[in-house]
Undergrad: 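Shown below is the structure under consideration.
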Amino acid sequence: MAGVLRSERVWVETFTGLRMDQFGRLLKAVRERGGEGCGWGRPWRLPLAERVLLVAVYYRTNLTMRQLAPLFGVSPATVCRVIQRLGPLLALEPARTPADAAERLWIVDGTLVPVRDRTVGASSRNYRFSANVQVIVDAESRLVVATARPVPGNTADARAWRDSGLAQHCEGVTVLGDGAYINTGLIVPHRKRPGRPLLKGEEEDNAQHRKVRARVEHTFSRMKNYKILRDCRQHGNGLHHAVQAVARMHNLTLAA
């Protein structure tokens, strides 16, 4: 059975949203992480470039494995094995505290991702069974700095942040959050108190805060062009690997 999609410019740019040079950097990272395999055993039917393309297409389109199989000329079982093997290798690199931390401004927020795995998600305010994923974004570059493991969608953002372990990546960096992150040590908007309106300076601070914090919402919008984050059928660590891979591909699309 011959496949249709190949690791060529027309297919890469059409189905992944990445330019060929960006896809090449993604392929290089996967190869350096051991994507070629251990060198023994039955070889993969597809070369590494087409296996990476398969995973990227899966995250971008959210096609089923039965639909992807004829596009690449392999069986649905092979598609499943490729995604399970390479998905974690596309992950975003661990964040490091930048040398100019005092001059950086990061934004954190949580986004709800609809999931099918009942051990990962919960009935949430979007009226769907979802997981809450905490994401840190650089306010200047709009690059994703780090993402946390998903928690049930009915978890408050403040608790999800405390339990995520992301705070250790933010030492010395100013981090903005919305009103849901009160008492977490982040910079949050001023709150109205009963019978006491906000002062003029506080209203101006909140307006500036909203203007900057909107950048994380724009990032979520771009990340959700990868339809795996609109209805994730993966189980176990599948959503975590998908979010990490999408964050990496999002960063590649912003690269010069």
Side-chain angles (χ1 to χ4, degrees), residues 3-39 43-63 68 71-72 74 79 81-100 104 106-107 111 133 135-148 166 169 215-216 218-229 232 234 237-256:
V4 177
L5 300 190
R6 294 285 184 269
S7 54
E8 300 170 357
R9 179 181 299 274
V10 61
W11 303 121
V12 169
E13 296 185 356
T14 300
F15 281 88
T16 69
L18 299 174
R19 298 196 310 268
M20 200 62 192
D21 59 319
Q22 296 166 345
F23 179 77
R25 290 199 287 274
L26 182 65
L27 176 61
K28 179 182 177 182
V30 172
R31 182 177 287 114
E32 291 174 348
R33 292 179 174 183
E36 290 283 11
C38 55
W44 292 95
R45 178 164 181 174
L46 297 175
L48 180 61
E50 289 178 15
R51 280 181 277 143
V52 173
L53 176 61
L54 187 157
V55 179
V57 169
Y58 172 63
Y59 288 152
R60 182 78 174 186
T61 65
N62 204 22
L63 293 173
L68 285 170
L71 293 178
F72 287 88
V74 295
V79 173
R81 287 193 292 270
V82 169
I83 293 171
Q84 290 178 344
R85 172 73 177 93
L86 292 189
L89 302 185
L90 272 65
L92 187 70
E93 295 180 356
R96 298 181 178 85
T97 303
D100 57 344
R104 293 293 185 96
W106 289 351
I107 314 165
T111 186
V133 180
V135 179
I136 300 176
V137 175
D138 186 284
E140 181 178 354
S141 65
R142 292 178 171 80
L143 296 176
V144 177
V145 176
T147 68
L166 292 179
H169 300 303
R215 298 173 190 177
V216 72
H218 300 159
T219 298
F220 287 153
S221 177
R222 294 188 184 97
M223 289 177 67
K224 289 187 178 181
N225 286 331
Y226 292 84
K227 292 187 171 127
I228 189 71
L229 301 187
C232 182
Q234 292 285 301
N237 290 324
L239 175 58
H240 178 58
H241 297 322
V243 172
Q244 291 269 312
V246 168
R248 187 183 191 96
M249 289 187 283
H250 164 79
N251 287 355
L252 284 172
T253 60
L254 295 183

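Atom set for the values below is all heavy atoms of this structure, side chains included, hydrogens, waters and symmetry mates excluded.
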Undergrad: Within the distance-only criterion (no hydrogens, no angle test), does the side chain of Asn251 pair as donor or acceptor with the backbone N or O of Val144 below 3.5 angstrom?
TA: yes

Undergrad: Between Leu252 and Leu26, is the side chain to side chain contact (heavy atoms under 4.5 Å, CB included) condition met? List the steps.
TA: CA-CA 8 Å; Leu252 284 172; Leu26 182 65; 3.8 Å; yes

Undergrad: Could you tell me whether a side-chain N or O of His250 sits under 3.5 Å from a main-chain N or O of Arg142, the two making a donor and an acceptor?
TA: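 Checking the backbone N and O of Arg142 against the side chain of His250, a donor-acceptor pair under 3.5 Å is found.
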
Undergrad: Could you check whether any side-chain heavy atom of Arg51 comes within less than 4.5 Å of a side-chain heavy atom of Arg85, counting everything from C-beta outward?
TA: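 With C-beta onward as the side chain, the pair stays apart.
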
Undergrad: How close do Leu166 and Ala148 get, heavy atom to heavy atom, and via which atoms?
TA: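 So the two residues come closest at CD1-CB, 3.8 Å.
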
Undergrad: Does some side-chain heavy atom of Val52 sit less than 4.5 Å from a side-chain heavy atom of Phe23?
TA: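 Yes, their side chains come closer than 4.5 Å.
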
Undergrad: Please tell me if the side chains of Lys227 and Thr61 come closer than 4.5 Å, counting only heavy atoms from C-beta onward.
TA: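 Result no, sub-4.5 Å side-chain heavy-atom pair not found.
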
Undergrad: From the options Leu5, Val55, Val57, Val74, select the one residue that forms a side chain to side chain contact (heavy atoms under 4.5 Å, CB included) with Leu68.
TA: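 Of all the options given, the one that passes is Val57.
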
Undergrad: Check whether more than 12 heavy atoms from other residues, nucleotides or ligands sit under 6.0 Å from atom CZ of Arg33, and answer yes or no.
TA: yes

Undergrad: Within the 4.5 Å heavy-atom criterion, are Val135 and Phe220 side-chain neighbours or not?
TA: yes

Undergrad: Would you find more than 12 non-hydrogen atoms of other residues, nucleotides or ligands less than 6.0 Å from Glu140 atom CD?
TA: no

Undergrad: Evaluate the criterion side chain to side chain contact (heavy atoms under 4.5 Å, CB included) for residue pair Lys224 and Val246; output intermediate values, then yes/no.
TA: CA-CA 9 Å; Lys224 289 187 178 181; Val246 168; over 6 Å; no

Undergrad: Could you check if a side-chain atom of Met249 sits within less than 4.5 angstrom of a side-chain atom of Leu18, using non-hydrogen atoms only?
TA: yes

Undergrad: For the atom pair CG (Leu229) and OG1 (Thr111), what is the distance rounded to the nearest 0.5 Å?
TA: 8.0 Å

Undergrad: How long is the gap from CZ on Arg81 to CH2 on Trp44, to the nearest 0.5 Å?
TA: 6.5 Å

Undergrad: How about Leu71 and Leu63: do any of their side-chain heavy atoms sit closer than 4.5 Å?
TA: yes

Undergrad: Can you name the nearest heavy-atom pair linking Gly35 to Leu89, along with the distance?
TA: CA-CD1, 3.6 Å

Undergrad: Looking only at heavy atoms, which two atoms of Ile83 and Pro88 are closest? And how far apart?
TA: O-CD, 4.2 Å

Undergrad: Arg31 versus Leu48: any side-chain heavy-atom pair under 4.5 Å?
TA: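 In short, these two side chains touch, coming nearer than 4.5 Å.
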
Undergrad: Is a donor from one side chain sitting under 3.5 angstrom from an acceptor on the other, for Tyr58 and Gln234?
TA: yes

Undergrad: What closest approach, in Å, do Arg6 and Leu53 show between heavy atoms, and which atom pair accounts for it?
TA: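 Looks like O-CD2, 3.3 Å.
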
Undergrad: Would you compute the distance between atom CD1 of Ile136 and atom OG1 of Thr219 and round it to the nearest 0.5 angstrom?
TA: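 Ile136 atom CD1 to Thr219 atom OG1 measures 12.5 Å (nearest 0.5 Å).
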
Undergrad: Can a donor-acceptor pair be found between the side chains of Gln22 and Thr253 at a distance below 3.5 Å?
TA: no

Undergrad: With a 4.0 Å cut-off on N to O distance, would you call Glu93 and Arg248 a salt bridge?
TA: yes

Undergrad: Hey, does the side chain of Asp138 reach the backbone of Ser141 with a donor-acceptor pair shorter than 3.5 angstrom?
TA: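 Answer holds: yes.
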
Undergrad: Rounded to the nearest 0.5 Å, how far does NE2 of His241 lie from SG of Cys232?
TA: 11.0 Å

Undergrad: As an exercise, state the distance from OG of Ser7 to CG of Leu46, rounded to the nearest 0.5 Å.
TA: 9.5 Å

Undergrad: Please give me the minimum heavy-atom distance between Ala255 and Arg25, naming the atom from each residue.
TA: CB-NH2, 3.7 Å

Undergrad: Nearest heavy-atom pair of Arg215 and Ala139: which atoms, and what distance?
TA: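 Of all heavy-atom pairs spanning Arg215 and Ala139, the closest is NH1-O, 2.9 Å.
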
